[in-house]
Protein chains: 4
Amino acid sequence: MDTADLLERSYPGRRAELKRDIFRKALRLFNEQGIEATTIEMIRAECDTSVGAIYHHFGNKEGLVAALFFTALEDQARLRDAYLADATTTEEGVQALVYSYVDWVENQPEWARFQYHARYAVTRGPHKDELVERNKTRNLGLRTWLAESGRAAELNECPAELLPSLIVGQADSYCRAWLSGRVQGSPKAYRELLAQATWRSIRREPER
Amino acid sequence: MDTADLLERSYPGRRAELKRDIFRKALRLFNEQGIEATTIEMIRAECDTSVGAIYHHFGNKEGLVAALFFTALEDQARLRDAYLADATTTEEGVQALVYSYVDWVENQPEWARFQYHARYAVTRGPHKDELVERNKTRNLGLRTWLAESGRAAELNECPAELLPSLIVGQADSYCRAWLSGRVQGSPKAYRELLAQATWRSIRREPER
Amino acid sequence: MDTADLLERSYPGRRAELKRDIFRKALRLFNEQGIEATTIEMIRAECDTSVGAIYHHFGNKEGLVAALFFTALEDQARLRDAYLADATTTEEGVQALVYSYVDWVENQPEWARFQYHARYAVTRGPHKDELVERNKTRNLGLRTWLAESGRAAELNECPAELLPSLIVGQADSYCRAWLSGRVQGSPKAYRELLAQATWRSIRREPER
Amino acid sequence: MDTADLLERSYPGRRAELKRDIFRKALRLFNEQGIEATTIEMIRAECDTSVGAIYHHFGNKEGLVAALFFTALEDQARLRDAYLADATTTEEGVQALVYSYVDWVENQPEWARFQYHARYAVTRGPHKDELVERNKTRNLGLRTWLAESGRAAELNECPAELLPSLIVGQADSYCRAWLSGRVQGSPKAYRELLAQATWRSIRREPER
DNA sequence: AATGAATGAGCCTTCATTCAT
DNA sequence: GATGAATGAAGGCTCATTCAT
């Protein structure tokens with residue numbers, strides 16, 4: 001599954017063709033040049049359209065960035081929820097979170113890269129409220145799963161606010177390194193190692 | 001130890017007073033407004049100096065960002081190496097890495113926050129070569145420690161490129177969350193939990 | 001024929017009205033204040049437009065200077081080729097070159113003055129290659145005429161690279177003096193004297 | 001005779017060493033980079049001195065340009081007057097003017113090149129009155145020679161304001177072409193051809 | 001005489017956005 | 001819906017010049 005599929009999934013139909021084209025090209029430019037360094041004119045040139053058309057579809061530059069960002073977040077959550085649905089035990093659930101994270105980044109490296117850089121801009125921009133709103137809805141499934149009875153018994157005691165970092169921190173760290181080219185090995189190739197390490201670090205250890 | 005101390009350490013002497021003042025104020029503005037959104041004029045006004053003086057000392061905006069960034073990296077490495085020097089066992093070494101990371105972020109939250117955002121800019125800007133160069137020298141101590149005989153025997157087998165993410169990923173993730181205000185608990189308060197989790201995830205487990 | 005005509009000839013049509021206006025006003029300012037001393041803001045104020053419009057049409061200041069310069073060169077060549085077309089003998093050809101040079105400078109003193117000062121800037125700027133290119137095409141007619149059979153027999157032997165200076169040097173020198181106000185007499189009033197002097201200096205003299 | 005000699009001649013003595021060094025290096029920079037594009041800082045770096053020292057010796061940038069310009073003009077006039085002193089006939093005088101012009105440009109190409117570009121700046125700057133003043137004194141010898149009885153009888157009738165261009169126009173034109181690299185042949189190699197052409201163009205022709 | 005940090009007016013240029021066609 | 005010329009606020013940066021040391 002590649003970028004085109006992701007877009008077709010998010011914005012289906014023939015009418016939205018130009019919109020999807022702008023999305024695709026803007027995503028590439030934002031990653032290659034940086035969000036601030038990418039001008040509307042560059043996007044216009046790449047898409048062979050007019051600045052007016054871009055403003056017609058996305059309102060303004062921040063609107064385009066936010067739209068891309070939300071698309072990325074929601075696609076990532078979609079995969080996570082799909083993996084989580086198949087997990088029965090707590091260990092399988094943790095594995096699902098690590099696998100889905102790693103797999104999504106490797107399948108959608110452009111969207112992943114963009115998401116890392118765009119979060120800062122969107123968090124401060126006029127769409128920050130919409131972001132908070134969407135975060136809530138999007139993470140409902142995850143919170144439900146975490147809250148299921150019996151979880152606490154299988155995990156080492158630890159503050160709730162620490163848990164997300166313990167679960168996804170190592171995978172996240174490696175994915176960032178891979179996206180920035182500091183390491184070569186594909187995240188997917190290490191997903192078992194990452195999931196096992198994570199599980200060892202948070203499971204409740206048997207009493208001696 | 002606060003920001004002023006860090007600066008006095010990096011740029012000692014009376015002559016460098018203005019330079020240190022620009023540093024301090026620019027750091028704050030970059031964090032508050034964002035690097036791109038902070039203008040030279042804002043810094044000038046804050047320091048009650050002239051644009052010429054800023055350019056005289058740092059060449060240009062990118063030079064100022066790079067100087068701040070290198071200062072942060074080197075101060076962070078200084079603490080890491082100090083902690084590492086006291087570690088004897090491998091477990092203590094891993095603990096030193098986690099503790100120094102967490103402690104530095106909490107002691108220098110402004111520098112830490114800046115460093116996260118500035119890396120992207122410096123990596124792409126005209127100081128990228130200097131960054132690579134400095135990275136090499138700065139991390140010599142760490143690489144030496146990691147290469148010491150006996151390490152492999154105490155750690156679970158894993159690719160070398162994966163190890164840094166396993167060691168520092170969880171702490172890094174939590175520090176980012178704390179700096180951005182998504183969590184409240186101080187990183188230092190969790191440093192034992194983080195170090196233990198890390199160690200459990202990478203130590204070589206006894207054969208059953 | 002004045003500056004307005006020259007421009008209407010070079011950039012015809014109603015759409016180009018603003019472009020022509022910028023041209024006209026910029027030419028005057030460049031001559032009055034000097035090219036370097038003329039700021040985009042001065043041109044903007046004079047044309048009652050926006051800086052953006054100037055950049056939209058000419059790219060940047062160097063682009064505007066180059067556009068003016070090429071317009072001058074091409075208009076001058078147009079007149080030269082027209083005069084040359086009517087010449088049959090070699091003497092008439094030389095006369096055509098001197099007359100057209102002198103007449104053009106007097107008819108278009110602003111363009112002539114500008115051309116003298118802009119050559120230096122364009123030769124060193126980013127349009128230098130375009131200049132070389134255009135020089136070739138523009139001087140095709142002249143080179144053809146000079147190469148016609150029989151020329152050598154009517155002229156004193158002299159190196160080819162010296163000939164242009166012999167033909168146009170005196171007229172050029174006087175035109176510069178006139179444009180800078182060092183002399184009063186109109187170049188056109190002296191065009192016969194200049195052409196005769198030139199012809200005497202290069203014609204093949206009868207054997208004694 | 002080269003640039004160093006010219007300077008030793010104009011500013012003799014040991015104390016003036018730094019002054020001469022600034023002169024030499026500034027001349028080169030002005031020619032290589034252009035007068036406006038050369039900054040005081042560039043000159044300072046080249047001379048390994050301080051900006052203060054430059055201002056101490058020349059007042060300001062315009063003062064430095066003017067000092068260089070006057071040095072060039074006066075050296076050129078010195079050679080011209082020396083050549084003229086040896087001429088007895090009118091033809092020899094014209095020859096002396098052409099030869100001295102050509103020889104000086106070839107002996108002092110840097111000063112010649114500079115003089116062409118600096119005239120414009122000095123003519124408009126605060127030293128313009130000094131220029132007019134100096135022109136008068138400097139050209140006394142030339143005007144005396146031109147006014148000597150009998151000249152008119154040997155020259156074709158022509159307006160006085162036209163004569164300088166007739167005499168020096170061709171040589172000047174070729175020298176400019178040579179300095180700008182448009183032609184290769186050394187001016188000196190063509191000095192006889194140039195002087196002869198000039199003489200044929202202005203001498204009084206025998207009645208038929 | 002020499003130094004060089006400091007000044008600050010002013011320059012060129014960019015670019016998100018608008019709006020008449 | 002589409003176009004792209006026009007807008008103009010604002011930014012980074014330069015550089016001649018000054019002056020305290």
Side-chain angles (χ1 to χ4, degrees), chain A residues 15 18-19 22 35-45 47-65, chain B residues 15-19 22 36-45 47-65, chain C residues 15-19 22 36-45 47-65, chain D residues 15-19 22 35-45 47-65:
Chain A
R15 295 298 300 280
L18 172 60
K19 203 164 174 173
I22 296 173
I35 293 177
E36 307 249 15
T38 299
T39 69
I40 297 292
E41 163 59 23
M42 288 177 193
I43 299 171
R44 184 211 61 73
C47 302
D48 210 38
T49 178
S50 64
V51 294
I54 298 173
Y55 278 86
H56 178 74
H57 283 301
F58 300 101
N60 56 23
K61 191 178 170 182
E62 279 173 323
L64 175 53
V65 169
Chain B
R15 295 298 302 279
E17 225 156 299
L18 172 60
K19 203 164 175 174
I22 296 173
E36 307 248 16
T38 300
T39 70
I40 296 292
E41 164 59 21
M42 288 177 191
I43 299 171
R44 186 212 60 75
C47 302
D48 206 40
T49 179
S50 64
V51 294
I54 298 173
Y55 281 89
H56 183 74
H57 285 299
F58 300 102
N60 55 23
K61 191 178 170 183
E62 279 175 322
L64 174 53
V65 169
Chain C
R15 295 298 301 280
E17 224 157 300
L18 172 60
K19 203 165 175 173
I22 295 173
E36 308 247 16
T38 300
T39 70
I40 295 292
E41 163 58 22
M42 288 177 192
I43 298 171
R44 186 211 60 75
C47 301
D48 207 41
T49 179
S50 63
V51 294
I54 299 174
Y55 280 88
H56 183 74
H57 285 299
F58 299 102
N60 55 23
K61 192 178 168 181
E62 280 176 321
L64 174 53
V65 169
Chain D
R15 295 298 299 282
E17 221 156 303
L18 173 59
K19 204 165 173 173
I22 295 173
I35 292 176
E36 306 249 16
T38 300
T39 69
I40 298 292
E41 163 58 21
M42 287 177 193
I43 299 171
R44 183 211 63 72
C47 300
D48 210 39
T49 180
S50 64
V51 293
I54 297 173
Y55 276 86
H56 177 73
H57 283 301
F58 300 101
N60 56 23
K61 191 178 170 181
E62 279 175 323
L64 174 53
V65 169

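Quick note on labels: first sequence line is chain A, next is B, and so on, each numbered from 1.
Between D/K19 atom NZ and E/dA1 atom C1' there is a gap of 13 Å when expressed in whole angstrom units. Rounded to an integer number of Å, the gap from NE2 of B/H57 to C1' of F/dC13 is 16 Å. One can place CD1 of A/I43 at 16 Å from P of F/dA2, the figure rounded to the nearest angstrom. One atom, CD1 of B/I54, and another, C1' of F/dG11, lie 13 Å apart when rounded to the nearest Å. A straight line from CZ of B/R44 to P of F/dC13 spans 16 Å, rounded to a whole angstrom. As a whole-Å value, the separation of B/F58 CZ from F/dT14 P is 16 Å.
Side-chain contact between C/I43 and C/V51 is absent, with no heavy atoms from C-beta onward closer than 4.5 Å. Side chains of B/F58 and B/V65 form no contact here, defined as non-hydrogen atoms less than 4.5 Å apart.
Each of D/A53 and B/D48 was matched to the nucleotide of DNA chain E holding its nearest heavy atom; the match closer to the 5' end belongs to D/A53.
Across every non-hydrogen atom of A/I35 and A/K61, the tightest pair is O-NZ, 3.1 Å. When all heavy atoms of B/R44 and B/T49 are compared, the closest pair comes out as CG-O, 3.0 Å. In plain terms, the two heavy atoms of B/I40 and B/Y55 that are nearest each other are CG1-OH, 3.5 Å. Among all heavy-atom pairs drawn from A/A53 and A/L18, the shortest one is CB-CD2, 4.2 Å.
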Measure all distances between protein nitrogen or oxygen atoms and nitrogen or oxygen atoms of nucleotides 16-19 of chain E, and list the pairs falling under 3.5 Å.
unit_1 : atom_1 : unit_2 : atom_2 : d
E/dA16 : OP1    : A/K61  : NZ     : 3.3
E/dA16 : OP2    : A/I40  : N      : 2.9
E/dT17 : OP2    : A/Y55  : OH     : 3.2
E/dT17 : OP2    : A/K61  : N      : 3.2

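Relative to the side chain of A/S50, the nucleotides F/dG8, E/dA1, F/dT3 differ in distance, and F/dT3 lies closest.
The salt bridge (charged side-chain N to carboxylate O under 4.0 Å, His left out) search around D/E62 returns none, not counting sequence neighbours.
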> Pairing of DNA chain E as dot-bracket, 5' to 3': ( ) intra-strand, [ ] crossing, | other strand, . unpaired, with Watson-Crick or G-U pairs under 3.5 Å?
Replying inline: .||||||||||||||||||||
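Contacts of D/H56 with the nucleic acid, taken as non-hydrogen atoms under 4.0 Å apart, involve only primed sugar atoms and P, OP1 or OP2.
Rounding to the nearest 0.5 Å gives a distance of 10.5 Å between NZ of C/K19 and CG of C/L64. From B/E36, atom CD reaches atom CD of A/E36 across 4.0 Å, with rounding to the nearest 0.5 Å.
Residue B/T49 places at least one side-chain N or O closer than 4.0 Å to OP1 or OP2 of E/dT7.
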